[in-house]
Student: 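Just dropping this structure here.
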Amino acid sequence: MPGLKRPNLPDGGLKDLNTALHDLHRRAGRPSTRDLAKLIGPRVASKSRVYDAFSSDRLPSWGLIQVLAEALCEFIPGSAFSEEEQRLHGLWLAATGADDNHAPSSQLSAERTIPSEIEAPTPAPVLALRIEWARPSDLSVQNRRALRFIVTDALSDIGYGAEGAHRRDMSAGSVISVDARREDPSLTTATVLATLEDSLHSSGIPGGYRGSTLRLLAHLGPCARPTVLDAQAQAIEELNELWRHQKTQDLFKNDQAVSAILADALLNLDRYDPFLVDWEYAQVPLFRVDRGPQDLGNYKLWVRTRADRAGGRVGDTPPF
């Protein structure tokens, strides 16, 4: 059977990833996209989504690459899925910074924090979430304690303890940072969001609360190789930088119990659709001056809107 169509890509990380995926497909005997879709499961990825992973010039989500690699390895005698998974994940991370036209929105900057000639290990992906009450008037002692109780519930629902390096409480809210390889970060984010909403409508919060709206910002990083900071610390710093941006604050909706903004990569739902609400596309222009004026381009994200129908993205396709 002939190989699948290859997209016309410039040299770089995305082309390297696509080449590796086609090579794995070749070693597996070039199974059809129909066979792969059946093996993966109809609720995971359709035939057309499988085809796009090989032939589109857009970067596939890591979740889709992961299940494709697992399926292809079943056709290769003596193959080690864990080794293929690790190799492809490194290439996928490199591809997120390959090109402004193909990089996912989790890329805050194409600027490297270390000279390109210095080899450094690929940082582990980190899912970082910041949760706060929307208004300063909400920051009573009662509300701060209520929010910490809610965050504890959210951590329990995603399989983490109430205390640890994955949690940082502040006077106005909390930051959660977890290993994005533990499970699909889209599912983790959706679980946290659902827990926040459930807790606000629950009477089980000790002492209750008198708040208006919670705000959730979810980021997938780090976007550059860490130098002094470790991957977790750098992802949190990127999250906080995005949070402080006035455009980000302006995008939050105050007519929802929980107003949510997610990095674009977190809404690439190839394995399941846990976000049963509507989302609109937005961008935040980033600019830094600490090392001389630098235009860092746009951070692509999705803002949750008040939904009148079953849910999904606004429009048929993402506008980029």
Side-chain angles (χ1 to χ4, degrees), residues 1-99 101-107 119 121-127 179-188 190 220 264-274 317-318 320:
M1 178 180 180
L4 296 170
K5 175 187 173 184
R6 295 178 183 245
N8 184 18
L9 296 170
D11 291 341
L14 182 56
K15 186 174 182 177
D16 293 341
L17 173 65
N18 186 263
T19 299
L21 193 60
H22 276 274
D23 177 65
L24 185 62
H25 182 247
R26 177 189 60 80
R27 288 186 283 129
R30 297 194 174 102
S32 68
T33 55
R34 184 184 302 276
D35 288 341
L36 288 173
K38 287 181 179 179
L39 185 61
I40 292 170
R43 292 182 175 271
V44 177
S46 65
K47 174 185 172 183
S48 62
R49 185 60 63 87
V50 171
Y51 178 84
D52 285 345
F54 290 94
S55 303
S56 171
D57 62 356
R58 290 191 61 211
L59 178 67
S61 74
W62 168 242
L64 181 57
I65 294 292
Q66 188 177 37
V67 295
L68 276 175
E70 186 175 11
L72 289 168
C73 283
E74 293 192 18
F75 292 94
I76 305 174
S79 64
F81 167 63
S82 60
E83 294 179 5
E84 298 289 352
E85 180 185 37
Q86 184 176 6
R87 182 173 69 95
L88 287 171
H89 189 256
L91 292 171
W92 182 86
L93 282 175
T96 64
D99 184 2
N101 294 324
H102 299 94
S105 64
S106 59
Q107 181 185 351
E119 294 295 329
T122 301
V126 175
L127 174 63
D179 187 339
R181 299 169 299 180
R182 178 165 170 170
E183 70 174 2
D184 191 300
S186 295
L187 179 59
T188 304
L220 192 61
D264 167 59
L266 293 172
L267 215 60
N268 285 340
L269 306 176
D270 291 302
R271 304 184 76 172
Y272 30 66
D273 188 354
T317 57
F320 52 87

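In what follows, residues are counted from 1 in the order of the sequence shown. Side chains included, hydrogens not; waters and symmetry mates left out as well; all remaining heavy atoms used. Worth saying up front: this structure is predicted, and the values here are computed from it rather than measured.
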Student: Using only atom types and a distance under 3.5 Å, with no angle test, would you say the side chain of W92 pairs donor to acceptor with the backbone of P60?
Tutor: yes
Student: Under a 4.5 Å cut-off applied to non-hydrogen side-chain atoms, are W62 and L93 in contact?
Tutor: no
Student: When you compare the side chain of D57 with that of N8, does any pair of heavy atoms fall below 4.5 Å?
Tutor: no
Student: Drop me the distance from L4's CG to D52's CG, to the nearest 0.5 angstrom.
Tutor: 11.0 Å
Student: Find the distance between CZ (R6) and OG1 (T19) and round it off to the nearest 0.5 Å.
Tutor: 5.5 Å
Student: Run the salt-bridge test on R26 and D23 with the 4.0 Å N-O cut-off and return the result as yes or no.
Tutor: yes
Student: From the options D11, L17, N18, select the one residue that forms a side chain to side chain contact (heavy atoms under 4.5 Å, CB included) with K15.
Tutor: D11
Student: Nearest 0.5 Å, please: how far is CZ in R58 from CG in L9?
Tutor: 13.0 Å
Student: Report the distance from atom OG of S82 to atom CZ of R87, rounding to the nearest 0.5 Å.
Tutor: 12.5 Å
Student: Any salt bridge between R181 and E85, counting N to O under 4.0 Å?
Tutor: no
Student: With distance as the sole test, does S55 use its side chain to make a donor-acceptor pair with the main-chain N or O of P7 at under 3.5 Å?
Tutor: no
Student: Restricting to non-hydrogen atoms, name the atom on L127 and the atom on A180 that form the minimum distance, rounded to 0.1 Å.
Tutor: N-CB, 4.0 Å
Student: Locate the shortest heavy-atom distance separating A69 from L88; write the atom from each residue and the value.
Tutor: CB-CD1, 3.6 Å
Student: Counting C-beta onward and ignoring hydrogens, is there a side-chain heavy-atom pair between E84 and L24 closer than 4.5 Å?
Tutor: yes
Student: With a 4.5 Å limit on heavy-atom distance, are the side chains of S61 and Q66 in contact?
Tutor: no
Student: Please report the closest heavy-atom contact between A71 and F75, naming both atoms and the distance.
Tutor: O-CD1, 3.4 Å
Student: Is there side-chain contact between F54 and L36, with at least one heavy-atom pair below 4.5 Å?
Tutor: yes
Student: Verify the neighbour count for atom CZ of R34: are there more than 12 heavy atoms of other residues, nucleotides or ligands below 6.0 Å?
Tutor: no
Student: Between A53 and L64, what is the shortest heavy-atom contact and its length?
Tutor: CB-CD2, 3.7 Å
Student: Which atoms form the tightest heavy-atom contact between L59 and L14, and what is the distance?
Tutor: CD1-CD1, 3.6 Å
Student: Measure from the side-chain N and O atoms of H25 to the backbone N and O of L72, and report whether any donor-acceptor pair falls under 3.5 Å.
Tutor: no
